[in-house]
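Below is one structure, written out as structure tokens; comments come after it.
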Amino acid sequence: MIQGEPTGGRPQTAAGYPPAAAVAALACARRRGKPAVVNTRPRQLTIPLQNPPLYTRAAFATSDANAEAVRAVERWPAWPNGALALVGPEGCGKSHLATIWTERAGAAVWRPEIALADLAGRPILVEDADRAGDETLFHLINRATLDGGLLLTSRLRPTAWACALPDLRSRLNALTTAEIDEPDDALLIALLEAQFRERLRRPAPDLYEYLLKRMPRSVAAVRETVRLLDEAAGEQGRPLNRLLAREVLDAVEADLGDALDD
């Protein structure tokens, strides 16, 4: 969804699951010190083969859930008033997309310890912009066109950001906003494929549809699911297929139920 004058924000969750809760559910067994799968085979030595994550345009998975947001970011430097707010749930790809823009625009990344004067004349990225502070946002939005562009990321739409300056409120309400929606099936499968590829894994082809039915529908849950399956396959010397996935996810769900009963 792309809006010139966004209205009130809706909760940024994935299919009813808060992203942090989705990860917590899948990681519960690990935190409680229990094995994800009970197996009588000898534990196999695992040598990590994971590739470093790629934050390139080619590595960014696109679907109907984020295609409009991608197009909005790629319209730079033609953003209205030089600024764009990129919003969406935790782990949806905001930082990845923002990193792509930063490389393309030669932008600086603002941090609280950096003086605004040191960033003058350059496009600027502000992550978690709703926490940046009124004075900082007011200054950066006013200079967005002069500096060459301002990209603000957040889980919430700018209309929902807290601020005490009336002049800043009017500017936030007028910001052009690009929203990454909750992930659809196409995006989740693309992300699963990318995560397994980063870990140099080739799962059985029918595993993807099975995982869509079992795991919470969030990008954070994709990462945690792949991590758990990768660890189980490596430690037990087993192929990545539906049988292994069922054992791992059944164990996680059982352990989560125990935790809720405690």
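Source: prediction; values computed, not measured.
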State whether the side chain of [X] and the backbone N or O of [Y] hold a donor-acceptor pair below 3.5 Å, judged by distance alone.
X    : Y    : value
D230 : L200 : no
W76  : G82  : no
S170 : D167 : yes
K94  : G88  : yes

Atom pair [atom1]/[atom2] of [X] and [Y] - distance to nearest 0.5 Å:
X    : Y    : atom1 : atom2 : answer
D134 : L165 : CG    : CG    : 4.5 Å
T177 : L172 : OG1   : CG    : 9.5 Å
N142 : L137 : CG    : CG    : 10.5 Å
L84  : L175 : CG    : CG    : 8.5 Å
L244 : Q236 : CG    : CD    : 6.0 Å
R111 : L119 : CZ    : CG    : 10.0 Å

Applying salt bridge (Lys or Arg N to Asp or Glu O under 4.0 Å), can you list everything that pairs with R143, at least two apart in sequence or on another chain?
D147
All salt bridge (Lys or Arg N to Asp or Glu O under 4.0 Å) counterparts of R131, not counting sequence neighbours:
none
Tell me yes or no: between the side chains of [X] and [Y], is some donor less than 3.5 Å from an acceptor?
X    : Y    : result
W161 : S154 : yes
R171 : N81  : no
T159 : N173 : no

Do L249 and L243 share a hydrophobic cluster (ILVMFWY, side-chain heavy atoms under 4.5 Å, transitive)?
no
Hey, quick one: are I114 and L152 part of the same hydrophobic cluster, counting side-chain heavy atoms closer than 4.5 Å, chains of contacts allowed?
yes
Heavy-atom count check: over 12 atoms from other residues, nucleotides or ligands less than 6.0 Å from D64 CG?
no
Would you please test R238 and E247 for salt bridge (Lys or Arg N to Asp or Glu O under 4.0 Å) and show each step?
CA-CA 12 Å; R238 296 172 59 187; E247 292 177 5; 2.7 Å; yes
Which pair of heavy atoms, one from [X] and one from [Y], lies closest together, and at what distance?
X    : Y    : value
P123 : A105 : CG-O, 3.7 Å
W101 : G149 : CH2-O, 4.3 Å
P183 : A65  : CA-CB, 4.2 Å
V73  : R104 : O-NH1, 4.1 Å
A69  : L86  : CB-CD1, 4.0 Å
A221 : P216 : CB-O, 3.4 Å

Ion pair check, R227 and E224, cut-off under 4.0 Å
yes
Are any of the side-chain heavy atoms of [X] and [Y] separated by less than 4.5 Å?
X    : Y    : result
T136 : P112 : no
R246 : R214 : yes
R242 : D206 : yes
P89  : R155 : no
E182 : R217 : no
L116 : W110 : yes
I180 : V87  : no
T153 : V126 : no

Between K213 and D185, is a salt bridge (Lys or Arg N to Asp or Glu O under 4.0 Å) present by the stated rule, with each step listed?
CA-CA 10 Å; K213 298 174 182 178; D185 284 358; over 6 Å; no
List the steps and the verdict of side-chain contact (heavy atoms from CB on, under 4.5 Å) for L150 and T145.
CA-CA 8 Å; L150 173 66; T145 301; over 6 Å; no
Decide side-chain contact (heavy atoms from CB on, under 4.5 Å) for E68 and E179; before the verdict, give the C-alpha distance in whole Å, the side-chain angles of both, and the deciding distance to 0.1 Å.
CA-CA 8 Å; E68 287 193 33; E179 184 171 358; over 6 Å; no
Assess whether side-chain contact (heavy atoms from CB on, under 4.5 Å) is satisfied between W79 and L151, documenting all intermediate values.
CA-CA 10 Å; W79 295 338; L151 181 60; 4.0 Å; yes
Apply the test side-chain contact (heavy atoms from CB on, under 4.5 Å) to residues L207 and F196: give CA-CA distance (whole Å), side-chain angles for both, the deciding distance (0.1 Å), then the verdict.
CA-CA 11 Å; L207 178 61; F196 282 124; 4.2 Å; yes
